[in-house]
Structure formats: structure tokens, C-alpha cells
2 protein chains.
Amino acid sequence: MEAQTNQNYQSPIVTIDVVLLTLSDNGLQVALHQRKQSPYEHQLALPGGYIHTNEDESAEKAAFRVLNQKTGLIPRYLEQLKTYANTSRDPRGWSVSISHVALIPMSALKQAEKEVFQFFDVDNLPTMAFDHQLQIQDAVERVRNKSSYSTLPCWLLPELFTLTQLQQTYEKIFGESVSRGTFRSRLGIKVGDAIPGESADEAEILIATDQFKGGNQRPARLFKVNHLKLFKRACWS
Amino acid sequence: MEAQTNQNYQSPIVTIDVVLLTLSDNGLQVALHQRKQSPYEHQLALPGGYIHTNEDESAEKAAFRVLNQKTGLIPRYLEQLKTYANTSRDPRGWSVSISHVALIPMSALKQAEKEVFQFFDVDNLPTMAFDHQLQIQDAVERVRNKSSYSTLPCWLLPELFTLTQLQQTYEKIFGESVSRGTFRSRLGIKVGDAIPGESADEAEILIATDQFKGGNQRPARLFKVNHLKLFKRACWS
DNA sequence: TAAATAGTGTCTATTAGACACTATTAA
DNA sequence: TTAATAGTGTCTAATAGACACTATTTA
């Protein structure tokens, strides 16, 4: 901060935006809604809004509130993406948008959310308001990148999931498949070692539960994610 | 963006900060200066300031201007780090700081810059204003992380550098050393293939020049960095 | 017992990295 | 010729990944 006082310059508009991603059979999809007012009235846009300085503690909390407000939606994962701050992104002038990425499993989407949002494949985007197309591209790049060396994709699944579901999640994100054995050794999963009920080891990437998912075949053990764990090396393209 | 208009909420203060890093014999160092006014008067702080909406095109340009303004300093590398936006980071209330990381080689620092800034080892920081300690920790984490799978450390060196200098740069960032052969094969350098003067291949990580650095021994070929190139796999801890 | 999916061990091709050997300069 | 650093080839240990084998459920 420097000697210059704030008063000498027009304060820019500050908003937050959220790139809410979910995973369909075809890959990643983004949630868009139709704007109700100018600018870009009736155009597709990301959910977003102003920071409420009287109630929001932080930008992340504001992003959470904006998502939650319309439909009661609670994302499984939310982090700051990047701030878009320049003179040209909003026709009204200098504007700042603190953008976020949020993840939610398709299965967790309620009817209300399906009515408010339309979902689009991230690799085939419609035209939309502001720099939202750029924000989505950056968000997808971040998610793909981070997924290549971490457990981030776990947050695109329900709290409990099988290793096959997780493998399919990675495969859909990257559009690339590997053998079951390879996938499991990448995770460093030693299911035999898993002592369900024991206190979760911080070093474990996934926590094995003592629950199983049934079907017309051998039941699969259900896992849950421990922390956002970074692998030693990148595993996916 | 939602129906809510800006007028209903007090607009937060918006500033930019810059974590300017350089590399000394002991590792990464950060540039700090003493604040001249309240809040945190006389305390150490990162360079930063308000966005000048009438002259700054973007947050990055504002960060560049703030660095450049006091001493004429031009960083070799500048990117957005993260935005710190909450109710508690500034005693004056809700505030937004769009933080940036900048890199400059020690050898490029002019006398003016050495008079304005004090340099501190990033692993042994003094107490300082606002959340600047957190910003520096995040910046160092970003630089270490990105350096582990990219050519980012090239921007801590002058435009032309030898492979040994580059290896020492990586080693100082990570505090870990490898053999020369290992380092070169990590970069995928095929110096024999280098045809100096030929048009730079986009795929090349480094461009070999036809210049050499002398000394009392076999001269070393000088290289320059092509683009910020990501390796296929992480190479450093 | 057949079908279906889960879980694991083995074997091989690739790669990472240490080391040693050669190269090129100044003194 | 010696000292000093640059550049490269080789050999080995570690690893990634395909494949096949075993396990466990329902019908």
C-alpha cells in the first residue's frame, strides 16, 4: 500500500463469480443461468453477485452464499480460482470479479437446482456474458491440472464411493483409460491394510470404510476421501 | 451477477500487492519496505497500492506500475497469485488485495532498488503489516510448486545463463542437489542438437545460443528460456 | 455354475539417476 | 601438464503399466 489515498480514484465494482462444475457421462459440465437484468440481459452467465460487506466474512463465504441463496445448493468443494480485474470485462467500466471453482456430484443436484441452472459440456460452450467463457476455460484447466496429481476428483463423487467409480471419474475428466491395476497402484491403495473403523491415518490418501456397494456381483468396498492429497508425481496427461 | 445493485452495500477497498522474489546464495528472498503511513506505520510491508482506474488497464498492469514507479524496477516475471478478500485483513474494514508474484535476478537489481527495499530470507520472515506474511508464504509455495514441473526458475536468472547456473538455481530453490547428468536429462536438453541461430523450435524448453561464458576452464554454452514450459512430470521434491 | 465385477500378484519395458569418461579452456 | 568446469554415454535400480489370475457376489 502506498501514500496515495483511495479517494483520488474511482473505486472499481467488485463482484464474485462461481464456476460450478459437475460430471456427466460425457465429462465435465458447467452450471449456467439466464441473466435477468442489464448488462447482458437474457444471456447465459455464471452465478455471481456483489460482496455483501455487512454479512460476508470473506470472498469464499460470499461465493458460498451466492450459490446457496438461490437453491439451497451446498457444493462439496469450493476454492478461489483467479481474479479478473480490468477495464474491458464489464461494459460499465473498471470491474473486479473474484472467481471461484466449485464441485458437486451430479447425484447431489436437487430438482430446484436443475430448474435454476442449465448444464453445458465444458468443451462445447455457448456464448455468454462478460468474460465468463474465459473463466470457465481457466476453471477447467485448473481442475484438470490439479486432478492429474491430487485427489480432487473425489469431490465430484458422493461422500462414499467405490474405486471403480473413482477410476471412471478420472477417466471422464481426462478422456483416457488405464487398467484397474494401474489405477490402484497410482493411488497407492493398499486395501488389505485398511482397518475399517481404525482412526484415519493422515498419510492415507483414501479412507476405507467397512461398507460395501452391492449389485449382481462381488460387492465393492466404499471409500471416502481423507484430505486433498497431492501425489508425488503427476499420473495423468 | 444478480439483481442486487452495488449501492446497497459499502464497496470494499481494493488494492494490489506484489511479492517480489529474488534468489540469493541462501535461497529465495523477498523485497519489503517500510510503510510511511497508517495503518501499520513504520512497519515492514510488501510493495502495493490502489488501482488507478484512470490509467491501469488491469490488475497486472497496476502491479507492474507500482513496482516500476518507485525505482524503475522491471520484473522479469509477473503473475497474479491470489486475492485476499475478507473483513479482518485490514483494520479499516472489508478489504480486497489482488496479490501478485514477481521474479527478478539478484544481478538485475539496481542501486535505487537496493535503497528502497530490504531483502529477507523467505524461510525467516520478520513480522509485517496486514496479511503480508501469509501472502509471502503462499507466493513461495506457488513458486516452489511451479518450479518443480516447469522452467519458472529461468526468470530468476539473467536472460542468458549456463546450465550449471540453472541447476544451481533449482538446487537453491529446493535445497536439494542432483548430479549434472540427471539435471540435464530432466530438462531433456540435447545440446548436441542445438543449432544456434536456427529458428527456435516451439517444443524446445530452452534455446541454445551461440554465445559462451568464459572463465579459467572450458567455456559453457549460454541458453535462454523459450516459453514457460511445463514438464510432463514433476522432477523436484 | 455362469456372469459380472472386485481385488491382487507377476512380469516386462521404460525410465531415472549415479558415476565415470571425454572435452575444452586458462595458467 | 594441471586444474577446473562442461558435456555425454553407460549401467543399474526403481518404477509404471499390461495382463492374467483369484475372489465374491446374484441369478
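Not measured: the values here are computed from a predicted model.
- The CG-C1' distance, from B/Leu206 to D/dA6, rounds to 16 Å in whole Å.
- Applying the 4.0 Å criterion to OP1 and OP2 of C/dG17, one finds that B/Thr182 has every side-chain N and O outside that range.
- Here C/dA16 presents its P atom at 12 Å from CG of B/Leu187, a figure rounded to the nearest Å.
- With the nearest nucleotide of DNA chain C identified for both A/Gly181 and A/Gln217, A/Gln217 has the one nearer the 5' end.
- Listed candidates were C/dC19, D/dA23, C/dT8. Nearest to the side chain of A/Arg218 is D/dA23.
- At the phosphate of C/dT8, neither OP1 nor OP2 sits under 4.0 Å from any side-chain N or O atom of A/Arg184.
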Evaluate B/Glu79 against B/Lys146 for salt bridge (charged side-chain N to carboxylate O under 4.0 Å, His left out), listing each step before the verdict. CA-CA 12 Å; B/Glu79 72 164 344; B/Lys146 210 157 181 169; 3.0 Å; yes
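- Judged by distance alone, with hydrogens and angles left aside, the side-chain atoms of A/Asn226 form no donor-acceptor pair with the main-chain N or O of A/Leu206 at under 3.5 Å.
- As a whole-Å value, the separation of B/Gln167 CD from C/dA18 C1' is 13 Å.
- B/Thr22 places a side-chain N or O within donor-acceptor distance of the main-chain N or O of B/Ile104, the cut-off being under 3.5 Å.
- Regarding A/Phe161, its CZ atom lies at a distance of 14 Å from the P atom of C/dA6, rounded to whole Å.
- Between the P atom of C/dA16 and the CH2 atom of B/Trp236 lies a distance of 14 Å, rounded to the nearest Å.
- Atom NZ in A/Lys213 sits about 15 Å away from atom C1' in C/dG7, given to the nearest Å.
- Rounded to whole Å, the distance from OH on B/Tyr170 to C1' on C/dG17 is 17 Å.
- Between the side chain of A/Arg221 and the base of C/dG7, no donor-acceptor pair of N or O atoms lies under 3.5 Å.
- Taking for each of A/Pro219 and A/Val178 the nucleotide of DNA chain D with the nearest heavy atom, the 5'-most of the two is the partner of A/Val178.
- Residue whose closest nucleotide on DNA chain C sits further toward the 5' end, between A/Asn216 and A/Thr162: A/Asn216.
- Atoms CG (A/Leu163) and P (D/dA23) sit 19 Å apart, rounded to a whole Å.
- At a cut-off of 3.5 angstrom, the base of D/dG7 holds at least one donor-acceptor pair with the side chain of B/Arg180.
- Within the structure, every side-chain polar atom (N or O) of B/Ser179 is placed at least 4.0 Å from both OP1 and OP2 of C/dG17.
- B/Asp17 and B/Tyr84 are not linked by any side-chain donor-acceptor pair at a separation below 3.5 angstrom, with hydrogens and angles left out of the test.
- As judged by a 4.0 angstrom heavy-atom cut-off over every strand, B/Gly215 is placed among residues touching the sugar-phosphate backbone only.
- A distance-only check finds a donor-acceptor pair linking the side chain of A/Thr151 to the backbone of A/His227 [under 3.5 Å].
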